[in-house]
Amino acid sequence: MKTVLISGLLALLTLGMISLATGQETNEQSCQQTIQNNCTKCHATKKICKKMDQANANWKEIVKSMGERGKLSQEVQDSVFTCLTTTPEPKKLVCDQ
């Protein structure tokens with residue numbers, strides 16, 4: 001009984017880890033698409049990548065300012081900000097193209 005329970009828990013943990021990895025990949029793809037569809041309409045990726053190298057970039061203000069200029073909805077602005085600040089390697093979303 002104990003062996004069956006442990007095997008079941010290991011299977012659930014494995015499935016959970018696979019789901020997390022797949023979810024992160026999907027999230028990164030979604031972020032990449034959002035940035036490509038919105039930010040690169042006005043900026044070359046080179047300019048965006050250069051800004052990403054600046055450790056002190058205030059993404060909240062940058063996205064707000066650029067979003068207003070580009071007439072992006074608040075939802076899109078929030079999505080871009082989240083992508084730039086929560087993705088483990090945000091440069092990979094734009095710069096590794």
Side-chain angles (χ1 to χ4, degrees):
M1 179 70 169
K2 199 175 196 181
T3 305
V4 172
L5 184 60
I6 291 172
S7 296
L9 286 172
L10 287 174
L12 283 174
L13 283 172
T14 302
L15 287 174
M17 290 177 154
I18 291 170
S19 295
L20 284 174
T22 304
Q24 181 178 352
E25 183 177 308
T26 302
N27 185 43
E28 286 180 3
Q29 289 173 345
S30 175
C31 284
Q32 185 177 39
Q33 194 68 37
T34 299
I35 291 170
Q36 288 293 327
N37 289 343
N38 295 285
C39 304
T40 60
K41 285 182 179 179
C42 300
H43 301 291
T45 55
K46 186 176 181 179
K47 182 174 183 172
I48 298 168
C49 294
K50 187 175 181 181
K51 191 61 147 175
M52 288 179 164
D53 285 334
Q54 295 178 357
N56 62 347
N58 183 346
W59 288 115
K60 188 90 170 156
E61 290 300 315
I62 293 167
V63 171
K64 180 181 178 190
S65 175
M66 296 298 107
E68 289 171 355
R69 289 181 186 180
K71 296 180 176 47
L72 301 178
S73 70
Q74 188 62 52
E75 181 181 359
V76 171
Q77 290 180 48
D78 292 344
S79 179
V80 169
F81 175 75
T82 299
C83 289
L84 292 171
T85 58
T86 63
T87 303
E89 297 179 67
K91 280 188 77 169
K92 199 167 93 173
L93 301 175
V94 180
C95 307
D96 293 344
Q97 305 296 315

Worksheet item: So do H43 and M66 actually touch side chain to side chain, heavy atoms under 4.5 Å?
Response: yes
Response to the item:
Rounded to the nearest 0.5 angstrom, the NZ-CG distance for K64 and D78 is 11.5 Å
Worksheet item: Side-chain contact, heavy-atom cut-off 4.5 Å: L84 with M52?
Response: yes
Practice prompt. Hey, could you give me the CG/OG distance between N38 and S79, rounded to the nearest 0.5 Å?
Written response: 8.0 Å
Item to complete: Starting at CG of L72, measure out to SG of C42 and round the result to the nearest 0.5 Å.
Response: 7.5 Å
Worksheet item: What are the two closest non-hydrogen atoms of P90 and C83, and how far apart are they?
Response: CB-O, 4.3 Å
Worksheet item: With sequence neighbours left out, what residues match K91 under salt bridge (Lys or Arg N to Asp or Glu O under 4.0 Å)?
Response: D53
Discussion item. As an exercise, state the distance from CD of E61 to CZ of F81, rounded to the nearest 0.5 Å.
Written reply: 10.0 Å
Worksheet item: In chain order, what residues pass the side chain to side chain contact (heavy atoms under 4.5 Å, CB included) check against S65, with sequence neighbours excluded?
Response: R69
Item to complete: Determine whether more than 12 heavy atoms belonging to other residues, nucleotides or ligands lie under 6.0 Å from atom CD of E75.
Response: no
Discussion item. For the CG atom of N37 and the CD atom of Q32, what is their distance to the nearest 0.5 Å?
Written reply: 10.0 Å
Worksheet item: Do E28 and P88 have side-chain heavy atoms sitting under 4.5 Å apart?
Response: yes
Worksheet item: Do C95 and T45 come within less than 4.5 Å of each other through their side chains, counting heavy atoms only?
Response: no
Discussion item. To the closest 0.5 Å, what do you measure between NZ (K41) and CD1 (I35)?
Written reply: 14.0 Å
